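So the structure is just underneath, and the comments pick up after that.
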Amino acid sequence: MVLVLWQFLYSERSGDWDGHLEGASKMLPYLVACGHYKYGTCLIEYLAEMQGLPQEVDQAFHNGLFNVKRRNAKFNCISPDHAVESTINLDSKTEGGMTGITMNELALVKWTLTLPFCASVSSTFTEMLRIVPQTEFDSSHHEDHPSFVLRQHMAVDKVKSVLEARLNPFRSTDEDMLNIYTLETVDSEISDSLLSVRSVGSRAVDRYLDGEKGAFSKVKVMNNEKAKQKKATNTSSAVNSLTNVELQTVKRVLVSVDFTGERGLHHLKNLLSHELLPYAPSIFQRSAISGMVVLRTGTKSALLEYLKTKISLSEWPVNLEISSESTHSRVVDLMPYLRSHPPNPSETVESYGKRTFSTLVSFNSNVKELHVLADRYDGIFGYSDEEGKVICLKDCGGCHEQRGCSNRSPVALGRHSNLDDWNSLLSNSKTKARLIELLFGEFENSVHLLQAGFTVYLSGGFRDRMRVVMLNRSGNADTNFEERLSCTHEEADTRVVLHMLDCLERGFDVVLVDANDTDIVVVLLYHYKLFLGNHPNCEKRKVYVRFHSYLVPIHRLCSNLPNDFVHSICLLHTLSGCDTVGFMFSKGKRVVAKAVEKWGLEKPIALLVQEIQKSKLDPAVLEKFSVICKKVVVASYGKDPDHFTSLNELRVHLYPRKRELKYLPPSDAAFECHAKRVYLQLDIFLQANRAKPQFLDPLQFGWMFQDGGVRPVVSTLQAFPEGVVPQYCSCKRCTKKCSCAGNRPCDLLCGCGGKCFMDEFDMLDG
């Protein structure tokens, strides 16, 4: 199907009439089989008519005149409807066009008759002022522009990140058809039907051409009833049902009650000070896999899209130019590297480890050092719960649970184990830890692959979390590397900072970091700025982060971005969502960054970060942190951060316009827990330059032990106000005889909206 679409688009852009007809005919069976009957019928008639064109018209179409060119260039043909939409229709819909007068027949006729004259006046006026459109003198294709190329690279990165987070179909060795999201095996009947879609559509077209009535309506690509039945048995269906029930309950609370007047406003404030759900929908969501309440996920790379607007696009290179006159060091986050370089079919751990090490050390002859780092999965906080389970935020109830990794059982691995089921191996933390440990062992046994003068450092993948290994064939041994690089960090994201700073302090001119994580870009940006402040003579030393298909120039960002913004970027990134902090619904990282810039909050945030560095447990600092974070949230919702001192007030203010809880900010009670998780993660980021940092207690900062794991605390208040009991009622107007009422007094969940017992009971007190 992809090749058919590619052929059709290629023919359209190049003006190939025969290729256009061939591509359209190849698409026909798929359109019919997928239920697009009107497209199928019209396309059959179209192809038949095109076979009987007059000779002069057919010759013109073969010369490329079936499409439109707006410039004299190659491979830039567009279809006529596309040309009309981008010219005449576009002009008619702009300000002063037909918008608003289409219901007035006389006005529309007048506008239609005068449009050519107005266009002629506009063209003449443009020529008189010598205003030449960009397309008139720019001979290059618009898709060759650096901004377009960079957008394409970022779009590819998003697709890659989704595939790596779920299941990459291009690397899967499973012969069965799998659901990329849930990793479930598709029913064989449905799988066979989907794989035979072309033959099914072709047979339907043949029956239609033979004159059979209703030939298309009999087409069934898959058993829809069976597919729906299968979906109903999945957890995701039950989760959706549960979510809908919860939302209907809240809708009954908020919609049916009259909030006018002073008494009504009091009730609204009381209600919206609670979340009215078992979770805060603006920062939490139900997992489609397990139904558990998990942190809301989002797109971390949106922050990079915002940062790229701050410097010239030409400074975001795709390839690193390595000069022989400078010394280079390379730091690799191993897990993203393994995801993008999977093992070959039937390859064992031993052979895969040797091949991976050989590839890593043969990067470039001018690179003199390689640092290979890995995540820890045994916790960083030095204690466990009553059952001995270690606190590990890598397995928190956030994005990892969303990927469906928690249901995967650990796999016993050895040196000679086969790695065919690659995606499953990377879906369990214990299995990943064992795999990394085995690979580090193979790296140690592959010292003979190193060239003279090349040094490799291994950290994070050993059973001893403090262990660092140096591999070097030359006699110039680094004697104090353990003192510098032994650390207790759980994340490779923060270990990268320690190794990057070590390379810069030892005189390397360029440090290349291989990592596909926005967290690393943010943390490196902050700590590189601090490094330059302490080492002003090192401004010419460069740091790049290889983010999928392009390089992020950390040194350029530091020099072009305002100092206050760089010093505040860790807090902005954490508050707007990361692996251990929920994303705010509809308030992405670009929205938050622009709001902070608009309301001038960079300076207060930068000063606050400095205070946190000095005394993070000071109650005054914690209180100031909560206030600043609330201001950022208020600004993100487009309001004056000095006007609203409470998020509950903002919820009441926004409710008449939003009417859905997920579009409202979290309540003060829920945000208190959210801010604690932000503070915990921010402290981890700020201490990335320390080998043995003192971390905060996660059980005191928004986390708790529940259901055999570490879970986020949703709120400090219960879901509903005191006296309001979630109970469904479908009555249009309740009476004491209603079965839903019983002996229970009317409350805000009653279908009457509190009117039936208004004189007898107070709605909140019951």
Side-chain angles (χ1 to χ4, degrees), residues 331-338 349 353 356-357 360 370-385 387-396 400 405 410 413 425-426 428-445 455-471 478-503 513 515 517 519-520 523-524 527 579-580 680-681 683-699 701 703 705 709-710:
V331 182
V332 177
D333 183 355
L334 184 59
M335 186 50 63
Y337 184 87
L338 296 181
V349 173
T356 301
F357 187 76
L360 287 172
L370 172 67
H371 298 249
V372 182
L373 313 178
D375 291 316
R376 302 292 307 177
Y377 298 92
D378 55 357
I380 61 175
F381 301 102
Y383 63 88
S384 58
D385 66 348
E387 299 179 358
K389 185 174 181 61
V390 180
I391 296 180
C392 180
L393 294 186
K394 290 291 294 183
D395 287 329
C396 70
H400 300 285
C405 300
L413 289 178
L425 295 178
L426 299 184
N428 181 273
S429 298
K430 293 183 179 179
T431 306
K432 283 194 292 186
R434 176 58 178 164
L435 174 64
I436 293 174
E437 181 183 355
L438 292 173
L439 291 179
F440 269 40
E442 297 301 328
F443 294 169
E444 284 189 272
N445 297 330
T455 304
V456 176
Y457 295 92
L458 306 177
S459 174
F462 299 103
R463 189 163 298 182
D464 181 2
R465 72 173 63 187
M466 298 290 293
R467 185 186 178 194
V468 181
V469 171
M470 183 191 69
L471 307 178
D478 187 354
T479 57
N480 63 342
F481 71 93
E482 292 181 338
E483 180 182 350
R484 301 192 319 269
L485 300 177
S486 294
C487 65
T488 58
H489 290 283
E490 176 187 16
E491 291 268 7
D493 302 358
T494 48
R495 286 177 180 264
V496 164
V497 175
L498 196 65
H499 286 254
M500 180 270 294
L501 295 177
D502 180 68
C503 294
V513 179
D517 197 341
D519 293 348
I520 292 181
V523 180
L524 287 180
H527 285 283
D579 290 346
T580 59
L680 176 67
Q681 186 60 55
D683 177 60
I684 295 175
F685 284 161
L686 297 183
Q687 296 190 82
N689 59 341
R690 302 178 184 177
K692 300 175 180 60
Q694 297 296 321
F695 294 113
L696 298 171
D697 182 359
L699 299 185
F701 284 87
W703 295 93
F705 275 119
V710 185

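Everything numeric in this text was worked out from a predicted model, so none of it was measured.
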**Request:** Start with the C-alpha distance between T356 and Y337, add both sets of side-chain angles, then the distance that settles side-chain contact (heavy atoms from CB on, under 4.5 Å), and finish with yes or no.
**Result:** CA-CA 9 Å; T356 301; Y337 184 87; 3.8 Å; yes
**Separation between CG of D493 and CD1 of I684, rounded to the nearest 0.5 Å** = 10.5 Å
**Complete:** Contacts of H527 meeting ring pair (Phe, Tyr, Trp, His ring centres under 6.0 Å) (sequence neighbours excluded), chain-then-number -> none
**Asked** To the nearest 0.5 Å, what is the distance between CZ (F701) and CZ (F695)?
**Response** 13.5 Å
**Message:** Tell me whether S486 contacts the main-chain N or O of M466 through its side chain, where contact means a donor paired with an acceptor under 3.5 Å.
**Reply:** yes
**Message:** Rounded to the nearest 0.5 Å, what separates atom OG1 in T494 from atom CG in D519?
**Reply:** 10.0 Å
**Request:** For residues F357 and L471, determine if any side-chain heavy atom of one lies less than 4.5 Å from a side-chain heavy atom of the other.
**Result:** yes
**Request:** Walk me through it: do V469 and F440 pass the test side-chain contact (heavy atoms from CB on, under 4.5 Å)?
**Result:** CA-CA 9 Å; V469 171; F440 269 40; over 6 Å; no
**Fill in**
Closest non-hydrogen contact found for S459 with R495 is OG-NH1, 2.7 Å
**Rounded distance [0.5 Å steps], CG in L426 versus CG in L435** = 7.0 Å
**Message:** Show the nearest heavy-atom pair for residues W703 and T580, with the distance to one decimal.
**Reply:** CZ2-O, 3.3 Å
**Message:** Strictly distance-based, threshold 3.5 Å: is any side-chain N or O of N428 a donor or acceptor partner for the main-chain N or O of T431?
**Reply:** yes
**Prompt:** Who passes side-chain contact (heavy atoms from CB on, under 4.5 Å) against L501, sequence neighbours left out?
**Reply:** V497, F531, N689
**Asked** Do R484 side-chain atoms and A691 backbone N/O form a donor-acceptor pair below 3.5 Å?
**Response** no
**Request:** List the atom of A492, the atom of D333, and the distance in Å for their closest heavy-atom pair.
**Result:** CB-OD1, 3.5 Å
**Prompt:** Hey, are K692 and E483 close enough for a salt bridge, meaning a charged N less than 4.0 Å from a carboxylate O?
**Reply:** no
**Request:** Could you walk me through whether V496 and V331 pass the side-chain contact (heavy atoms from CB on, under 4.5 Å) test, one step at a time?
**Result:** CA-CA 7 Å; V496 164; V331 182; 4.3 Å; yes
**Asked** Taking atom NE2 of H371 and atom CG of L360, what is their separation to the nearest 0.5 Å?
**Response** 13.0 Å
**Asked** Counting only N and O atoms by type, is there a donor-acceptor contact under 3.5 Å from the side chain of E491 to the main-chain atoms of D375?
**Response** no
**Item:** Shortest non-hydrogen contact between I436 and G461, atoms and distance
**Value:** CG2-CA, 3.6 Å
**Request:** Over all heavy atoms of both residues, which pair between V468 and F481 is shortest? Give the atoms and the distance, please.
**Result:** O-CE1, 3.3 Å
**Request:** Just do the side-chain contact (heavy atoms from CB on, under 4.5 Å) check on R376 and H489 with the steps written out, would you?
**Result:** CA-CA 8 Å; R376 302 292 307 177; H489 290 283; over 6 Å; no
**Item:** Full working for side-chain hydrogen bond (donor to acceptor under 3.5 Å, both in side chains) between R465 and T488
**Value:** CA-CA 6 Å; R465 72 173 63 187; T488 58; 5.9 Å; no
**Prompt:** Would a 4.5 Å heavy-atom cut-off, applied to side chains only, mark L373 and H499 as touching?
**Reply:** yes
**Asked** Are the side chain of R434 and the backbone N or O of L413 linked by a donor-acceptor pair below 3.5 Å?
**Response** yes
**Prompt:** How long is the gap from CG on L370 to OH on Y457, to the nearest 0.5 Å?
**Reply:** 11.0 Å
